[in-house]
Chemist: 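Before I ask anything, let me first share the structure, which is written out below as structure tokens.
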Amino acid sequence: MESTTSGTLGSTRLPPTGSERAPPAPGAPRRRAVITSALPYANGEIHLGHVASTYLPADVTCRYLRMAGTEAYYVCASDDFGTPILIQSEKEGVTPQEYVAGWNRRDREDFEAFGIRFDCFSQTSSERNVAFVQNVFAKLDEAGHIFEQDVVQFYCEYDSKFLPDRYVRGTCPYCGAADQYSDLCEACGRVPEEISDPKCSICGAAPTKRRSTHAFFRLSSFAGELSSWLEGNGNLQADVKRYVQNWIVSGLSDWDITRDIPWGVPVPPRRTGDGGAPRVFYGWFDNHLAYISSAMEFFESRGIDGKEFWNSADIYHFIGKDIVYHHYLFLPAMRLGINSEFKLPDYVPTRGHLTLQSKKISKSRNWYIGLREFLRHYPADYLRYYLVAINPYSQDDLNFDWDDFASRINSELIGNLGNLVNRALGFTAKKFGGVVPEPGPFDGMDEEAASRIAGLAAETGALMDQNHLDRALKAIMAFSSHFNQYFQHKEPWKSVPKQGLKGATDAATDAATDAAAAAAAADSMQSAQTCMYLSINAVRSLAVMVCPFLPESAARIWGQLGLDGSPEDSSWDGASDILIKPGHRLGSVSPLFARVEDDAIKRHKEQLGRFDDDNDSAADPATDPRGNRDGKDGNHTHEPQ
């Protein structure tokens, strides 16, 4: 509960409460949501490119939904399988299990430091997920959606191993783009049946071919159902649906779902029995199933019927644009193949890649910023603010620019939001002893200010519901800017003497012999008090509104307002209520933010592309733990083996 002190409002006219959205009918079930994001690959540190398109938007959305009254949970897991992990664990003399457990802990720590709050952060190598994947495979097999077929696959004679997809590079047969991995062309987004001009990613040699028996999923048989799902789901982005439909029209290939490597979810023997070498599932067969198994793990720990919750909830899968094919085709087809035992996603928010100083992120060239390194220099909320502000709900790429970062933090976060909080609370502390004053009658500017508070929750909530997080944040900052202008126009410092309320009382007594002067002084004082009353309530509204975006800053504002509890315990719609009453005492007031200095930005830019003694520029990006998490450069998370 918010701690407020009741006061008499006199002739003050309060605005209506803020939400224009109808409240749930009495007895109606509470809305539910399960939120997931692409799994981080357990083979390297989290960098800014990873968090921009998936984890941060998912976290902001989950926090908002909870404040809007939805029972929402955010689940994730580390993606633990694949050849890069096997090779690196061998180099370090540890088991793959030990290796991925270390990265799982590291990732969890980094996410928590950034304010990413998972309800469950599991592992694809967990016993639960392994059993769940094998069970799904058995059901698909029983339903006739699995068949076996001999395949001829790449084999490196030099390295004496089969080469899974990420270890073969070549030219895309569809668009002709060079230097693409064999399981996904980043230029056109398609999955090649076979890459042209193949090369081993480990040694660069041209691989030979060997025969092996693999299991296949009959993806082609789901074309009609997938098309119907796409057309019937109005929540999916229209531009994404269009080109996925084009893929379906062009014809879907059945999907090779096994690999000849020892580290992965083991493929159980089929009814006919297996006599060959051990096989594991292709990473894209098992890792998205961890969305479900991780959720079930969490719900079981809470005593909740997980399947019932999942199937009655809105399902969100936050992804980057490079894995549309997998989430719009593979993922829904597999769920359809088990008779939608677990419902298909309602939302697949898809965003573009992050570039850095207008160049592609590359760990192997040290053209990246690690999340942990960034947080050594700046608060998490600085990065959260910037990445949301520049990230539209589209597949357009976004660019992290150090100069733009500094400009936005200094002019927007500090010059706008921080300025309003400091001047409203600081002036009240200095001139009114830290006590919210009694307002007078509202004039035109006061009425408009009150109306802004009344409409804020509905305006921003509509944008949040549509996944336009950047637009919602912009609307919140426009609200803050309006109250800065309101404060400036009202000029309360001209109405309140240096001695504050005592000085105003003495001035009124001195002017008692002049009735007109006394009335003018009283009116001026009431105007100042009304300004402070509304400004302080606007700051409270802002604390609620920015909470999903800037949780640490919101909590600090809440404390400076002298309110109990946390802003995240408030309802979203309640941000449009005026709840801080006259007589309420503020907490201790201090500046929220520190300026980003030009010399620091210069140093950060100079570090890009440079290597120190501990960072060898010749490191192999496919296996180096400082290299990309999935054996390639960019923003990717999942590891398609």
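Not measured: the values here are computed from a predicted model. Both backbone and side-chain heavy atoms feed into the values below; hydrogens, waters and symmetry mates do not.
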Chemist: Checking the side chain of D141 only, and the main-chain atoms of F147 only, is there a donor and an acceptor separated by less than 3.5 Å?
Modeler: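 Between the backbone of F147 and the side chain of D141 there is no qualifying donor-acceptor contact (under 3.5 Å).
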
Chemist: Are the side chains of P551 and R63 in contact, using a 4.5 Å heavy-atom criterion?
Modeler: yes

Chemist: Using the rule given for side chain to side chain contact (heavy atoms under 4.5 Å, CB included), can you reason through E45 versus L371, listing the C-alpha separation, both sets of side-chain angles and the distance that settles it, and then say yes or no?
Modeler: CA-CA 8 Å; E45 68 171 323; L371 180 60; over 6 Å; no

Chemist: Consider side chain to side chain donor-acceptor pair (under 3.5 Å). Of Y74, Y291, Y55, Y316, which one does S37 pass it with?
Modeler: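 Passing option: Y74.
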
Chemist: Before you tell me yes or no, could you show the steps for T213 and D150 under side-chain hydrogen bond (donor to acceptor under 3.5 Å, both in side chains), namely the whole-Å CA-CA distance, both residues' side-chain angles and the distance that decides it to 0.1 Å?
Modeler: CA-CA 4 Å; T213 301; D150 282 355; 2.6 Å; yes

Chemist: Would R302 and E297 count as a salt bridge (Lys or Arg N to Asp or Glu O under 4.0 Å) if you check the C-alpha gap in whole Å, the side-chain angles of each, and the deciding distance to 0.1 Å?
Modeler: CA-CA 9 Å; R302 298 283 293 269; E297 175 185 337; over 6 Å; no

Chemist: Could you tell me if R335 sits above the aromatic ring of F342, with its cationic atom closer than 6.0 Å to the ring centre and no more than 45 degrees from the axis?
Modeler: no

Chemist: Quick one: NE2 on H288 to CD1 on I323, what's the gap to the nearest 0.5 Å?
Modeler: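 So the NE2 of H288 and the CD1 of I323 are separated by 11.0 Å.
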
Chemist: Can you check side chain to side chain contact (heavy atoms under 4.5 Å, CB included) on C76 and C120, steps first, answer last?
Modeler: CA-CA 6 Å; C76 196; C120 177; over 6 Å; no

Chemist: Between the side chain of R372 and the main-chain N/O of I46, is any donor-acceptor distance below 3.5 Å?
Modeler: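 Here the side-chain-to-backbone pair does not exist.
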
Chemist: Would you name the heavy atoms of L140 and M334 that are closest together and state the gap between them?
Modeler: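 In this case the closest contact between L140 and M334 is CD2-O, 3.8 Å.
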
Chemist: I want to check something: taking the side chain as every heavy atom from C-beta on, are V265 and Q134 in contact at a cut-off of under 4.5 Å?
Modeler: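 In contact.
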
Chemist: Using a 4.5 Å cut-off on heavy atoms from C-beta on, say whether the side chain of R384 contacts that of L56.
Modeler: yes

Chemist: Using side-chain heavy atoms (C-beta onward) and a distance below 4.5 Å, is Q88 in contact with N43?
Modeler: yes

Chemist: Hey, would you say the F81 and W263 ring centroids sit under 6.0 Å apart?
Modeler: yes

Chemist: Kindly say whether F216 contributes a backbone atom to a donor-acceptor pair with the side chain of D254 at under 3.5 angstrom?
Modeler: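 Looks like no, no N/O pair under 3.5 Å.
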
Chemist: Do N399 side-chain atoms and Q357 backbone N/O form a donor-acceptor pair below 3.5 Å?
Modeler: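 Here the side-chain-to-backbone pair exists.
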
Chemist: Does a donor on one side chain sit under 3.5 Å from an acceptor on the other, for S227 and Q245?
Modeler: yes

Chemist: Report yes or no: does K199 contribute a side-chain atom to a donor-acceptor pair with the main-chain N or O of A205 at less than 3.5 Å?
Modeler: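 Here the side-chain-to-backbone pair does not exist.
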
Chemist: Can you name the nearest heavy-atom pair linking S394 to Q237, along with the distance?
Modeler: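 The answer is CA-NE2, 4.0 Å.
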
Chemist: Specify the closest pair of heavy atoms between P332 and H327, including all atoms of both residues, with the distance to one decimal.
Modeler: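 Heavy atoms only, the tightest pair is CD-O, 3.2 Å.
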
Chemist: Which pair of heavy atoms, one from I146 and one from A215, lies closest together, and at what distance?
Modeler: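 Shortest heavy-atom contact: CG2-CB, 4.3 Å.
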
Chemist: Report yes if some heavy atom in the side chain of V348 is under 4.5 Å from a heavy atom in the side chain of I319; otherwise report no.
Modeler: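 V348 vs I319: side chains touch.
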
Chemist: Without swapping roles, check the side chain of R108 against the backbone of F121 for a donor-acceptor pair under 3.5 Å.
Modeler: yes

Chemist: Does the N233 side chain pair with the main chain of Y347, one donor and one acceptor, at a distance under 3.5 Å?
Modeler: no

Chemist: What I'd like to find out is whether the side chain of I361 reaches to under 4.5 Å of the side chain of T355, using heavy atoms alone.
Modeler: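 Heavy-atom side-chain distance check fails, nothing below 4.5 Å.
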
Chemist: Is the closest side-chain heavy-atom distance between F285 and V133 below 4.5 Å?
Modeler: yes

Chemist: What is the distance from atom OG of S221 to atom CG of L226, rounded to the nearest 0.5 Å?
Modeler: 9.0 Å

Chemist: Please report the interatomic distance OG1(T350) to OH(Y328), rounded to the nearest 0.5 Å.
Modeler: 4.0 Å

Chemist: Report yes or no: do N287 and D79 form a side-chain donor-acceptor pair below 3.5 Å?
Modeler: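 Yes, D79 and N287 have a side-chain donor paired with an acceptor closer than 3.5 Å.
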
Chemist: As a quick check of understanding, evaluate side chain to side chain contact (heavy atoms under 4.5 Å, CB included) for Y73 and I304, giving each step before the final call.
Modeler: CA-CA 12 Å; Y73 300 104; I304 298 173; 4.2 Å; yes

Chemist: Is there a side-chain contact between I35 and L65, using heavy atoms and a 4.5 Å cut-off?
Modeler: yes

Chemist: Distance from S340 atom OG to N311 atom CG, nearest 0.5 Å?
Modeler: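 S340 OG to N311 CG: 8.5 Å, rounded to 0.5 Å.
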
Chemist: Flag the pair R66 and E71 as a salt bridge only when some basic side-chain nitrogen lies within less than 4.0 angstrom of an acidic carboxylate oxygen.
Modeler: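 The answer is no: the pair does not qualify as a salt bridge.
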
Chemist: Parallel, tilted or perpendicular: which describes the rings of F118 and F111, with under 30° parallel and over 60° perpendicular?
Modeler: perpendicular

Chemist: Backbone N or O of C200 within a donor-acceptor pair of the R169 side chain at under 3.5 Å?
Modeler: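 Side chain of R169 to backbone of C200, a donor-acceptor pair under 3.5 Å: no, none is there.
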
Chemist: Might you point out which heavy atoms bring E341 and K307 nearest each other, and give the distance in Å?
Modeler: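 Nearest pair, atom of E341 first, then K307: OE2-NZ, 2.7 Å.
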
Chemist: Donor-acceptor pair, D256 side chain versus T258 backbone, under 3.5 Å?
Modeler: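 Checked: pair present.
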
Chemist: Taking NZ, NE, NH1 and NH2 as the nitrogens, is one of them in R376 or E373 under 4.0 Å from a carboxylate oxygen of the other?
Modeler: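 Result for this pair is yes, salt bridge flagged.
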
Chemist: Ignoring hydrogens and geometry, is there a side-chain-to-backbone donor-acceptor pair from S89 to L86 under 3.5 Å?
Modeler: yes

Chemist: Please work out which of the three classes, parallel, tilted or perpendicular, describes the rings of H326 and F330, given edges at 30° and 60°.
Modeler: perpendicular

Chemist: How far apart are the C-alpha atoms of N391 and R351, what are their side-chain angles, what is the distance that settles it, and do they pass the side chain to side chain contact (heavy atoms under 4.5 Å, CB included) test?
Modeler: CA-CA 8 Å; N391 196 354; R351 288 178 168 83; 3.5 Å; yes

Chemist: Tell me if the CD atom of Q149 is crowded by more than 12 foreign heavy atoms within 6.0 Å.
Modeler: yes

Chemist: Taking D314 as the fixed residue, which of R32, R31, K343 is the one that meets the side chain to side chain donor-acceptor pair (under 3.5 Å) rule?
Modeler: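 The residue from R32, R31, K343 that satisfies side chain to side chain donor-acceptor pair (under 3.5 Å) with D314 turns out to be R31.
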
Chemist: Establish, for the pair R259 and Y282, whether the NZ or CZ atom is under 6.0 angstrom from the six-membered ring centre and no further than 45 degrees off its axis.
Modeler: yes

Chemist: Atom CZ of R218 and atom CZ of F222: how far apart are they, to the nearest 0.5 Å?
Modeler: 10.0 Å

Chemist: Work out which heavy atom in A42 is nearest to a heavy atom in Y99; give both atom names and the distance.
Modeler: O-CE2, 3.6 Å

Chemist: Quick test of your reading of the model: are R279 and E148 salt-bridged, counting only N-O distances below 4.0 Å?
Modeler: yes

Chemist: Does NZ or CZ of K209 fall inside the cone over Y155's six-membered ring, less than 6.0 Å from its centre and within 45° of the axis?
Modeler: no

Chemist: Quick one: CG on D260 to CG on L163, what's the gap to the nearest 0.5 Å?
Modeler: 11.0 Å

Chemist: Should H47 and F374 be marked as a ring pair (Phe, Tyr, Trp, His ring centres under 6.0 Å) after you check the CA-CA gap, both sets of side-chain angles, and the distance that decides it?
Modeler: CA-CA 9 Å; H47 63 64; F374 186 97; over 10 Å; no

